[in-house]
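Note that these values count all heavy atoms, side chains included, but never hydrogens, waters or copies made by symmetry. We name chains A, B, ... by the order of the sequence lines, and we start the count at 1 in each one.
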Amino acid sequence: MLDIRFIRENAEAVQANARNKACDVDITTLLKLDTDCRVLQGQVDELRQKRNDNVEKSKGGRPTPELIAEGKVIKDQLAEIEPKLKEVSAEFLGLLKKVPNMAWPDVPVGHSEEENVVVKTVGDVPKFDFIPLNHAAIAAKRDWLDKERASKVAGSRFAYVKGDMVRLQFAIINFVMDLLGDETKIAEIAKNNKLDVSTKPFVPVLPPYMIRTEVYDAMDRLEPRDERYKLENDDLWLQGSAEHTLGSMYVNEVLDESQLPIRYLGYATSFRREAGTYGKDMEGLFRMHQFDKLEIESFTTAENGLNEHLLFAAIQDYMLTQLELPHQIVQKCTFDIGKPNARGVDMNTYLPGQGKYRETHTADYMTDYQSRRMNTRVRRKSGALELVHTNDATAFALGRIMIAILENNQTADGQVKVPTALQNYLGGRTIL
RNA sequence: GGAGGAGUGGCCGAGUGGUUGAAGGCGCUACUCUCGAAAAGUAGUAUCUUGAGUAAUCGAGAUCGCGAGUUCGAAUCUCGCCUCCUCCGCCA
């Protein structure tokens, strides 16, 4: 959520930003409601002041019948205005919540995904002297993937992942935990990208997979609800990313500046209904209702937020490079970054089975947009209270990254070469 | 799931209808004292919204887990919810 005071002072820019993000909000209406609220609030406050004065007069002893009669009049007047205020406030807040975060000044304005900007292409697209298979075909040959039986048990877009592919997943997890738990590695990544950031390592976390409606909404991740799984008998949803439960950890808390940055590496199975994607990416593991993901999340001061975001993207680039996967770094345009984002970067990894780069990572910088509703603040050394800035990013979506490894590292005889960085995590094996 | 207990400021804790935004203590900050530190003393020390002011600041409203209600008046009474604790049941 944006600060209403900021909107009051920058109404035109906020409206333009919403247009650039293809968000349908009317700032004029919002500001009208804002004024209405304040007028009503003023009336209510005035009546409450009268009520308090009235009570004050009978302090210590019993109130006179006159005072009680006066009090009753005030009470009736309040009963008339307070519900109006409540109604208008609810309408106001509903509209305020719809206003998207301001895009960072360097985000390209665009009106479709096509206008995202490829910043850098890393690694060469592999050349095969045979026709490369897609990961579903490779996995089928090795009995690593069983979607048919999964569909009997759970429906479409579920799978049994088996054998060496499971070992590969755990190898990747351990690789990332070691890497992001190593301060010297983070320092190296920061230095190579000329980023002046903390080198604090990431703490691994297994978060809850379920989240309350109220908290999900405050994270601005509940919508679109069509995309979420709701638990019928409880006020709970299955999370769609560890971001949702990591970013909300400190709801209604005040952190101390000395604690920052707080950096987490969350591992969670994530759930998405994939509503409206019927028939899209049906083969293999690319788009599933359930997938495992390593996610990084951090809380920083405002002035460190942007560099943290750039570090997150640099970490993604570094890890893909370590796994020897050809990829593109894409700066997303205003249309594509998303409502709560100030800035967004994607990593698109080359998939020989599809012959194109596909999204495997995303890095989101939220500034204080999430923390404002989350009410997560930091006590600065000066004593001032400020909202924290949040960043989140994919470390690896395990399904998609294994697709990339299988397809890029396949051999003519249906084997898969293990990237050097992962060999130690697979008992020294060089081939699967 | 059943029975019982509890949730007050950064922390501990008093407070069961009327100068209680809230005693007292701890912590923290400043000052006094001291060569300095400690001790002691004095003072200060919540957040949000809103109005005035360049600002320091001042006025008003709200906040005692969350929400609703009773009342002239609610931290205090009633109802619902959440969380924690104890016991029973179930269970990886």
Side-chain angles (χ1 to χ4, degrees), chain A residues 1-9 30-97 99 206-219 222 230-237 245 248-260 262 269 299 302 368-388:
Chain A
M1 184 168 84
L2 286 182
D3 187 347
I4 183 62
R5 283 168 294 201
F6 176 84
I7 300 177
R8 278 175 209 151
E9 285 160 23
L30 177 72
L31 289 177
K32 170 77 171 60
L33 284 168
D34 174 42
T35 308
D36 291 352
C37 270
R38 279 192 287 169
V39 169
L40 284 168
Q41 185 71 57
Q43 293 171 359
V44 167
D45 283 354
E46 208 173 303
L47 281 168
R48 284 179 180 163
Q49 188 181 353
K50 275 169 82 178
R51 180 182 67 186
N52 292 344
D53 289 346
N54 185 268
V55 168
E56 186 79 5
K57 284 178 196 159
S58 57
K59 66 183 176 188
R62 294 274 128 205
T64 62
E66 289 75 28
L67 284 175
I68 289 179
E70 269 175 51
K72 282 189 176 175
V73 171
I74 298 168
K75 189 182 183 177
D76 289 344
Q77 289 171 329
L78 268 173
E80 226 170 276
I81 306 183
E82 276 179 333
K84 276 189 212 162
L85 173 63
K86 212 171 183 179
E87 195 183 312
V88 177
S89 301
E91 200 183 335
F92 165 73
L93 186 65
L95 211 54
L96 180 59
K97 278 163 32 174
V99 180
L206 295 172
Y209 289 8
M210 296 179 200
I211 181 167
R212 292 176 198 278
T213 303
E214 195 188 350
V215 178
Y216 218 166
D217 190 40
M219 275 296 282
L222 181 56
K230 174 82 174 76
L231 276 79
E232 198 182 359
N233 294 322
D234 299 277
D235 181 32
L236 289 170
W237 304 72
T245 45
S248 51
M249 261 175 106
Y250 297 105
V251 60
N252 290 323
E253 286 193 47
V254 176
L255 304 167
D256 194 86
E257 182 171 352
S258 63
Q259 293 173 264
L260 303 183
I262 294 176
T269 302
F299 303 86
D368 58 9
Y369 192 86
Q370 283 179 323
S371 61
R372 181 164 292 105
R373 270 176 78 197
M374 208 67 66
N375 193 27
T376 302
R377 294 174 296 174
V378 52
R379 173 80 64 188
R380 300 302 301 258
K381 287 196 190 91
S382 65
L385 272 180
E386 293 172 7
L387 292 166
V388 299

Which side-chain N or O atoms in residues 35-44 of chain A pair as donor and acceptor under 3.5 Å with protein atoms at least two apart or in another chain?
{"residue": "A/T35", "atom": "OG1", "partner": "A/L31", "partner atom": "O", "Å": "2.9"}
{"residue": "A/D36", "atom": "OD1", "partner": "A/K32", "partner atom": "NZ", "Å": "3.2"}
{"residue": "A/D36", "atom": "OD2", "partner": "A/K32", "partner atom": "NZ", "Å": "2.9"}
{"residue": "A/R38", "atom": "NH2", "partner": "A/D34", "partner atom": "OD2", "Å": "3.4"}
{"residue": "A/Q41", "atom": "NE2", "partner": "A/D45", "partner atom": "OD1", "Å": "3.1"}

In whole angstrom, give me the gap between the P atoms of B/rC85 and B/rU8. 15 Å
Please measure how far the C1' atom in B/rA60 lies from the corresponding atom in B/rG53, and state the result in whole Å. 16 Å
Pick out the pairs of N or O atoms, protein on one side and nucleotides 44-47 of chain B on the other, that lie under 3.5 Å.
{"residue": "B/rU47", "atom": "O3'", "partner": "A/R377", "partner atom": "NH1", "Å": "3.1"}

Distance-only criterion, 3.5 Å: show the donor-acceptor pairs between side-chain atoms of residues 64-81 of chain A and protein atoms not counting sequence neighbours.
{"residue": "A/T64", "atom": "OG1", "partner": "A/L67", "partner atom": "N", "Å": "3.1"}

Residue pairs passing the salt bridge (Lys or Arg N to Asp or Glu O under 4.0 Å) test with at least one member in residues 369-382 of chain A, sequence neighbours excluded, are A/D217-A/R373, A/D220-A/R373, A/E257-A/R380, A/E257-A/K381, A/E303-A/R380, A/D368-A/R372, A/R380-A/E386
To the nearest angstrom, how far is A/K75 atom NZ from B/rU70 atom P? 6 Å
Exactly one of A/L222, A/T245, A/D235 clears side chain to side chain contact (heavy atoms under 4.5 Å, CB included) with A/I211, and that residue is A/T245
What residues in residues 210-218 of chain A put a non-hydrogen atom under 4.0 Å from any atom of RNA chain B? A/R212
Residue met sooner reading RNA chain B from 5', once A/I4 and A/E70 are mapped to nucleotides: A/I4
Taken in chain and number order and not counting sequence neighbours, the residues that satisfy side chain to side chain donor-acceptor pair (under 3.5 Å) with A/D256 are A/S258
Qualifying residues under side chain to side chain contact (heavy atoms under 4.5 Å, CB included), relative to A/Q49, sequence neighbours excluded: A/D53
Could you measure between the two C1' atoms, the one in B/rA43 and the one in B/rU49, and give it in whole Å? 29 Å
Residue list, ring pair (Phe, Tyr, Trp, His ring centres under 6.0 Å) with A/Y250, at least two apart or on another chain: A/F299
Between A/L78 (CG) and B/rG61 (P), how many Å, whole number? 12 Å
Partners of A/E46 by side chain to side chain donor-acceptor pair (under 3.5 Å), sequence neighbours excluded? none
Distances for protein N or O near nucleotides 51-60 of chain B N or O, under 3.5 Å:
{"residue": "B/rG51", "atom": "OP1", "partner": "A/R38", "partner atom": "NH1", "Å": "3.1"}

B/rA46 versus B/rA55 - spacing of their P atoms, nearest Å: 22 Å
